[in-house]
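Notes for the one structure printed next.
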2 protein chains.
Amino acid sequence: MAATEGGPRLIDVARAAGVSIATASRALAGTPGVRPAVAEAVRRQADELGYVANVHARTLAGGHSRTVGLVVHEIGDPYFSEIASGLLRLADTEGLSLQICHTGRDPGAELRQIRTLVAHRVAAIVVAGSGFVDAAVEEPARRELERYAANGGRVAVIGRHHLGADAVLPPNEEGGRAVAEHLLALGHRQIAVITGSPVLTTVADRLAGVHAALADAGLDPAAAPVVEGPFTRDGGRECARRVLAEHPGTTAILALNDDMAIGCLSVLREAGVAVPDRMAVTGFDDVAVAVDLNPSLTTFRLPMAQMGEAALTLALKEPTSRPRRHHVVGELVVRGSTAVTAPAAAGAATP
Amino acid sequence: MAATEGGPRLIDVARAAGVSIATASRALAGTPGVRPAVAEAVRRQADELGYVANVHARTLAGGHSRTVGLVVHEIGDPYFSEIASGLLRLADTEGLSLQICHTGRDPGAELRQIRTLVAHRVAAIVVAGSGFVDAAVEEPARRELERYAANGGRVAVIGRHHLGADAVLPPNEEGGRAVAEHLLALGHRQIAVITGSPVLTTVADRLAGVHAALADAGLDPAAAPVVEGPFTRDGGRECARRVLAEHPGTTAILALNDDMAIGCLSVLREAGVAVPDRMAVTGFDDVAVAVDLNPSLTTFRLPMAQMGEAALTLALKEPTSRPRRHHVVGELVVRGSTAVTAPAAAGAATP
DNA sequence: GTGAAAGCGCTAACAA
DNA sequence: TTGTTAGCGCTTTCAC
């Protein structure tokens, strides 16, 4: 600990090893062209002094960063924490550090966070939060990212954005379709959809899939109630109550994510509505706990950890002239919250 | 976009505004001593050029970092993602960026991650993963952090560590005691504990609380089966199976975290063991989904988000000569997985 | 109030 | 193989 505040510097190590700062740098970086014995001596001295290279100096001098940024809506949300987990695992094996930002689904915050990551000159930025249907909302962020990319930064997004970047695309529409078809196959005709704000592409795409399935079955999509609230567990509770009150003939509630489905199940339990006998419920995402609910949740599985990994993989590749699209495969997972038989007679739940 | 690869620099802004680089720096940093009109002009130019200050250059020159590091076992785990969420929220309002590392409960990885954060010269490091009972295991990390602190870094930990740092201390022992007393009060006498590895202080402390309660009730703590497995949902499944097979008289399973309790519930459901009638189950932590399980989970609530916030708060304060200890208050939350009445006759589950 | 210039700690030419 | 040196982009004295 010979050092002044800030710790030992490369020059301290070099002096201790009796070499120049350049040689010390090479030895520590593993650059070839240093006699093994010298390199070894340098490393030993570094170790002894507890030397840890200053990343800022290194990045500034070298021009390359070993940090990547991840933008999520909310890291406490399992959907995003599972994405983060997969991404972090890959980052770790690649020797990259991860900086996480959250936006709370606010486009303004998203822009601020992106600027922060740009300021850090991260090697890549992964935007994991849902895109917005209205391209204008994302325009400032798009410009910022475009500039960042023009300056050598790499960008990848998860979901459908208007960001002009490489994208990992979850099968939202297919999933919405699959879930709806599953309910239709069980005989449900009075299906209520509970959902987050349709300004999000995630919501819009899942809903489009649901409507397509209804139309294919000869039903009028416009006739199916769509009840909207926050895209969270509490939003699910709120919407479920409204479905119960305003659409009494409903035999199935199709939630556009697991969080809402979970909130919905809790309301139904409190209201004494048997699931799946009097009401079928489905979710979307297959977060880890979906299987542990009782009844366990029928849902459309998205491989979140893989999606995080895939996004970072895209971001780490050389850019192409036009954005890449990596399509992810999902899977309907049928569990206890939807009966394997036809629903109880519609209208049974009518007051 | 007049800039070379890397984006516009301060000097580009300064030139565009017709001032020196020093004035531009002051204007952008909000340092007093710049004529308002000039400052305004600089800011406008910066905006126009899309200038974003290089954090590395800034940190290197200024000596202060606006990034903090968080070390967790696994960010996909709700316990940690909720801690991260609380911490991130505070970091955000303080204008700090967050870098996250995970260790997978491996002390070696923990050391590596700490070194990475030191290399980044983060302003503070928060270690959120459980400590290890064996001080020797943490010794290398302790030395690294000590050196970091000596060089002006700030450290805070969550849980009992041998790291010599400010600590946020969850009431693990009290919680273990509370859960056990609750089961005892319900009349349970055949209580099996399922747990993660006792090398973790979190596990050791919770277990100590349980044993203390048993002893106070006049029972022999050594007589209560303690079944150990991974501190995860799957570990809970494994341990629950073993309890069923090896300790047939058991009327209550006390899991030392919610993850294990959740796995346990799923095994009991598959085995057709009614909860809470034939078997009571308790968890620890009160992760978000605990309330949504069916039966909902009786558990000891830890305010994870607050703990994350408190840890960062400690880390942001001026250091004191001896480590601070911030004690957190928890709360027993009684739910459906423990009956409100005495248990079914012991032995009912005997083959 | 403003500018010139000296670093911050490191990497990467370029020399030797 | 090793050393010298010029920056990387910014903050911050110190003069003016």
Side-chain angles (χ1 to χ4, degrees), chain A residues 2-42 45-46 49-67 118-123 151-152, chain B residues 2-42 45-46 49-67 118-123 151-152:
Chain A
T4 63
E5 169 113 350
R9 293 149 306 160
L10 184 55
I11 193 166
D12 298 321
V13 175
R15 276 208 265 265
V19 299
S20 78
I21 180 179
T23 300
S25 172
R26 291 183 191 111
L28 262 19
T31 310
V34 182
R35 197 143 31 96
V38 176
E40 179 49 32
V42 171
Q45 288 301 333
L49 292 173
Y51 171 76
V52 184
N54 184 320
V55 166
H56 303 295
R58 180 180 285 213
T59 303
L60 193 53
H64 313 292
S65 165
R66 298 296 295 165
T67 299
V118 170
H120 281 261
R121 299 298 189 271
V122 293
N151 290 326
Chain B
T4 64
E5 168 112 349
R9 293 149 305 159
L10 184 54
I11 194 165
D12 299 320
V13 175
R15 277 208 265 265
V19 299
S20 78
I21 181 180
T23 300
S25 171
R26 292 185 189 110
L28 262 19
T31 310
V34 182
R35 197 145 28 99
V38 175
E40 178 50 31
V42 171
Q45 288 301 333
L49 293 173
Y51 171 76
V52 184
N54 184 320
V55 166
H56 302 294
R58 185 183 285 232
T59 303
L60 193 53
H64 314 291
S65 165
R66 298 295 296 165
T67 299
V118 170
H120 281 261
R121 299 297 190 270
V122 293
N151 290 325

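Throughout, protein chains are lettered first and strands after them, A, B, ... in sequence-line order, and every chain is numbered starting at 1.
Residue A/S20 places at least one side-chain N or O closer than 4.0 Å to OP1 or OP2 of D/dG3.
Under the 4.5 Å side-chain criterion, counting only non-hydrogen atoms from C-beta, B/N54 is in contact with A/R121. In this structure, B/V34 and B/V19 have side chains that are not in contact, with every pair of non-hydrogen atoms separated by 4.5 Å or more. Here the side chains of A/V42 and A/Q45 are not in contact, with every heavy-atom distance at 4.5 Å or above.
Considering only the side chain of A/R58, C/dT11 comes nearest among D/dC10, C/dT11, C/dG3. Looking at the side chain of B/Y51, the nearest of the listed nucleotides C/dC8, C/dA4, D/dC10 is D/dC10.
Separating the CZ atom of A/R121 from the P atom of D/dC8 is a distance of 14 Å, rounded to the nearest angstrom. If you take CG of B/L28 and P of D/dT11, they are 8 Å apart, rounded to a whole angstrom. Between B/D12 atom CG and D/dC8 atom P there is a gap of 12 Å when expressed in whole angstrom units. One atom, CD1 of A/I11, and another, P of D/dT5, lie 13 Å apart when rounded to the nearest Å. Atom P of nucleotide D/dG7 and atom NE2 of A/H56 are separated by 24 Å, given to the nearest angstrom. Between B/N54 atom CG and C/dC10 atom P the separation is 16 Å, expressed in whole Å. The distance from atom CG of A/L10 to atom P of D/dT4 is 14 Å, rounded to the nearest whole Å. As a whole-Å value, the separation of A/L60 CG from D/dG9 P is 7 Å.
The shortest heavy-atom contact between A/L28 and A/Y51 is CD2-CE2, 3.7 Å. The minimum heavy-atom distance between B/P8 and B/G50, with the atom names listed, is CG-O, 3.9 Å. Across all their heavy atoms, A/A27 and A/A39 have their closest contact at CB-CA, 3.8 Å.
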When you compare the protein's N or O atoms with those of nucleotides 12-16 of chain C, which come within less than 3.5 Å of each other, and at what distance?
{"from": "C/dA13", "atom 1": "N6", "to": "A/R26", "atom 2": "NH2", "distance (Å)": "3.2"}

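Within 4.0 Å (heavy atoms only), A/A29 reaches no atom of the nucleic acid at all. Within the 4.0 angstrom heavy-atom criterion, no nucleotide atom of any strand lies near B/G63.
For B/H120, there are no ring pair (Phe, Tyr, Trp, His ring centres under 6.0 Å) partners at least two apart in sequence or on another chain.
Ranked by how close their nearest DNA chain D nucleotide is to the 5' end, B/V52 and A/P32 are led by A/P32.
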